[in-house]
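In what follows, chains are A, B, ... by sequence order, proteins preceding strands, each numbered from 1.
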4 protein chains.
Amino acid sequence: MSPLNEEQLQHIRDERKEQIMEAALKIFARRGIIGTKLSMIAAEAGMSQGLLYHYFKSKDELFVILIQQAIQASIDNMKTIYQLPGSPIEKLRTFTRLDNEGQLYFMLIHQARTSDGVPEKAKQLIEQYSLESYVVDILEPLFIEGQEAKEFAPGDPRKLISSYFTVVSALMTLNIHEDEAYEMPEVDLLLRIVTGRP
Amino acid sequence: MSPLNEEQLQHIRDERKEQIMEAALKIFARRGIIGTKLSMIAAEAGMSQGLLYHYFKSKDELFVILIQQAIQASIDNMKTIYQLPGSPIEKLRTFTRLDNEGQLYFMLIHQARTSDGVPEKAKQLIEQYSLESYVVDILEPLFIEGQEAKEFAPGDPRKLISSYFTVVSALMTLNIHEDEAYEMPEVDLLLRIVTGRP
Amino acid sequence: MSPLNEEQLQHIRDERKEQIMEAALKIFARRGIIGTKLSMIAAEAGMSQGLLYHYFKSKDELFVILIQQAIQASIDNMKTIYQLPGSPIEKLRTFTRLDNEGQLYFMLIHQARTSDGVPEKAKQLIEQYSLESYVVDILEPLFIEGQEAKEFAPGDPRKLISSYFTVVSALMTLNIHEDEAYEMPEVDLLLRIVTGRP
Amino acid sequence: MSPLNEEQLQHIRDERKEQIMEAALKIFARRGIIGTKLSMIAAEAGMSQGLLYHYFKSKDELFVILIQQAIQASIDNMKTIYQLPGSPIEKLRTFTRLDNEGQLYFMLIHQARTSDGVPEKAKQLIEQYSLESYVVDILEPLFIEGQEAKEFAPGDPRKLISSYFTVVSALMTLNIHEDEAYEMPEVDLLLRIVTGRP
DNA sequence: AATGAATGAGACTTCATTCAT
DNA sequence: AATGAATGAAGTCTCATTCAT
């Protein structure tokens with residue numbers, strides 16, 4: 001009797017969920033969990049507030065799921081650096097250009113780290129994912145290679161990585177607000193931190 | 001007639017106002033105006049919520065006054081760089097060490113720039129105070145001197161200043177949260193952006 | 001898509017708005033805007049306080065809308081006097097009988113005129129609507145006709161009208177409280193002001 | 001040792017009480033008990049809020065005491081009509097001119113009758129004092145005399161009195177606000193109610 | 001599945017009253 | 001007696017969440 005079979009229904013459901021998560025990501029990333037009202041997400045997703053509750057138990061749950069997704073995407077993204085063309089410094093230069101996709105995820109994680117009203121569950125997830133345990137481990141081979149090629153300045157590569165990515169991370173959090181008060185530095189200026197050369 | 005003379009009363013009032021503003025600065029800086037509940041400020045200041053209203057007309061007014069104070073302190077602070085000892089690069093190195101006092105002010109201004117629910121008055125104040133109009137103007141002579149002494153890398157000094165301070169600013173916003181996930185870079189690493197040398 | 005069609009929803013909305021406005025009119029009229037607590041309106045309308053805010057932006061807005069309605073109704077009502085049967089004095093006698101509907105509106109306007117905490121917008125509306133500009137203008141022909149027929153006492157008709165309606169207005173403000181301490185005069189007694197005859 | 005003896009202290013206390021009551025009467029009469037803030041009374045009386053509580057237990061108590069005083073003054077005032085010169089109609093004409101002193105008392109009583117937040121005690125006092133029991137009783141001889149002299153229209157004198165004073169009372173409540181929208185009728189117009197003559 | 005009405009807890013704010021001096 | 005700081009209860013308003021349809 002049903003005009004749609006189970007598979008089709010599932011498809012619609014998935015689509016709706018995706019719709020909601022995309023909308024929520026956009027807004028959570030910019031405004032944080034407290035500054036985001038469900039009405040904003042509903043409007044951005046083009047549906048009623050009530051419907052959100054068919055797909056997610058609560059605002060908090062939605063936030064946590066996005067955090068999980070963001071962490072996974074960030075790790076995956078980090079690994080792609082090795083597939084970029086060129087020498088280590090060229091790989092790093094290309095990678096540093098702030099891409100819009102990753103930016104939202106990054107900002108979301110930043111919000112979760114620094115704002116209040118973040119669900120406990122999200123905090124735990126964030127704690128596990130840290131520069132130390134992921135970024136540094138992943139990028140260490142690249143930096144060692146760069147130092148051996150004399151492209152990168154000498155010194156503890158792990159410290160160099162975390163310092164560099166702390167700077168990049170910090171800039172991304174500023175950049176998201178597109179605040180004209182801050183002039184985003186050219187990538188080459190940032191790379192000086194790693195290379196020690198103009 | 002009064003059992004407490006005017007001087008004593010004034011003392012109490014000043015103390016209370018200071019108490020409130022200190023508490024409010026701490027919390028506003030971390031949580032933004034929306035994330036900050038008056039109950040938090042009252043608790044931090046050790047008084048009832050009602051008393052806050054003897055000293056400030058509203059949450060918004062309190063926020064705006066703190067913004068004014070923060071801007072003034074930031075400008076004053078920036079000018080002290082010329083009184084520091086040593087060459088331009090040494091001045092800049094000493095200045096860059098993030099001092100806790102200025103950090104809260106800085107973070108507050110950052111919150112005002114990037115969060116929602118910021119009073120219109122605060123936005124206007126912030127707009128007037130920008131890297132361009134203050135920081136860059138103040139520091140231009142220092143950077144030109146540094147470039148002439150070959151301590152600093154060549155290129156447009158104004159752009160160099162705003163890039164460098166965007167980075168420093170961004171790091172301050174991270175640092176305020178004392179998040180262990182981010183390793184704060186050594187000052188010398190940051191200075192590479194300006195000097196182009198390891 | 002919607003489980004309730006637009007028409008049904010509109011019906012619910014209209015009903016609720018009507019419910020609220022009726023309840024609010026009753027209470028505002030008696031207690032003024034300061035003396036009226038939203039909890040009272042909500043209780044009288046049989047709904048939660050929160051729901052009031054789905055239909056009206058604020059207590060002030062609700063008050064202003066009621067004032068607008070009251071003014072319009074008063075003007076409309078005043079004009080109906082010419083459709084009443086009989087001579088001028090008979091028209092006026094019939095018209096003077098205080099009807100319950102108009103009474104609440106009248107009292108609301110009176111509250112807006114005399115109480116504190118009245119929204120600026122409401123004050124402006126009230127100022128435009130005054131005995132002079134409406135009541136007197138509308139009734140002047142009737143009184144002149146009454147004087148020509150020797151039914152009404154001689155003298156400046158405009159002054160007679162405003163005097164008479166000041167008295168009627170004043171009585172309405174008392175009457176609204178149904179206070180047994182005051183005995184409402186018979187209409188014929190009041191008409192003596194106009195006719196100068198027992 | 002005390003620089004002031006008991007009598008002098010008592011004198012100061014009485015003066016202060018009088019000061020407060022005068023200020024309170026002014027404000028209560030205009031704004032009602034809800035619309036009156038203690039800060040207003042304190043300011044009007046030229047003293048601190050705290051001091052009010054040395055003389056009166058609460059806002060309510062102060063209100064009740066004023067009501068008692070107002071009732072007594074009204075009754076006393078009513079009796080003076082017989083000392084006025086002239087015929088009954090002339091006595092009534094003179095008496096009707098709204099005197100400022102009595103007006104405040106009257107308005108206070110009106111507020112107590114018609115507003116909310118009135119202490120139970122005040123309501124009880126008001127209930128005892130009514131047109132019926134005081135005004136009508138006091139004025140009945142005057143009206144009978146007026147009717148016998150054919151100055152007043154015939155009919156039940158008690159009803160005539162209460163009707164007339166309801167009108168006068170109602171006008172006083174309007175008059176207190178000095179609202180230009182209402183033109184206060186000439187006394188002679190009002191007297192038509194009683195005399196039935198222009 | 002989908003909507004939007006409806007609720008209620010919690011936030012900001014006011015103000016009568018109390019307290020320390 | 002006198003002051004003004006200090007408190008807390010209550011009122012307006014917002015918004016996450018639930019409910020009826």
Short side-chain N/O contact from D/Arg13 to OP1 or OP2 of F/dA1, under 4.0 Å: yes
Row check, D/Phe28 ring normal vs D/Lys59 NZ/CZ: under 6.0 Å, within 45°: no
Distance in angstrom units between D/Gln49 CD and F/dA1 C1', rounded: 17 Å
Position toward the 5' end of DNA chain E (nearest nucleotide), D/Ser39 or C/Gly50: C/Gly50
B/Gln124, CD: over 12 other non-hydrogen atoms inside 6.0 angstrom: yes
D/Leu51 CG to E/dA20 P, straight-line distance once rounded to whole Å: 18 Å
Watson-Crick/G-U partner (both atom distances under 3.5 Å) of F/dA2: E/dT21
Listed nucleotide nearest any side-chain atom of C/Leu9, set E/dG4, F/dT7, E/dT7: E/dG4
Whole angstrom value for the distance that separates P of F/dT7 from OH of B/Tyr53: 15 Å
N/O (side chain, C/Lys37) to phosphate O (OP1/OP2, F/dG11) under 4.0 Å: no
Phosphate OP1/OP2 of F/dA2: any D/Tyr55 side-chain N/O under 4.0 Å: yes
For F/dA10, the Watson-Crick or wobble counterpart (both distances under 3.5 Å): E/dT13
Position toward the 5' end of DNA chain F (nearest nucleotide), B/Gly46 or C/Asp60: B/Gly46
Any side-chain heavy-atom pair of C/Gln68 and C/Lys121 under 4.5 Å: yes
Euclidean distance, atom CD of residue A/Gln8 to atom P of E/dA1 [Å, nearest integer]: 15 Å
Sugar-phosphate only, base, or nothing, as touched by A/Phe56 at under 4.0 Å among non-hydrogen atoms: nothing
Separation of atom NE2 in C/His11 from atom C1' in E/dA5, rounded to whole Å: 14 Å
Side chain B/His54 and base F/dA5 donor-acceptor under 3.5 Å: no
D/Gln69 atom CD, neighbour heavy-atom count above 12 within 6.0 Å: yes
Nearest-Å distance for atom pair CG/P, residues D/Leu52 and E/dC15: 15 Å
Euclidean distance, atom CD1 of residue D/Ile12 to atom C1' of F/dA2 [Å, nearest integer]: 12 Å
Heavy atoms from other residues, nucleotides or ligands near NZ of B/Lys37 exceed 12 (cutoff 6.0 Å): yes
Whole-Å gap separating C1' (F/dT17) and CG (A/Leu62): 14 Å
Of the listed nucleotides E/dA16, F/dA2, E/dA6, the one nearest the side chain of C/Ser48: E/dA6
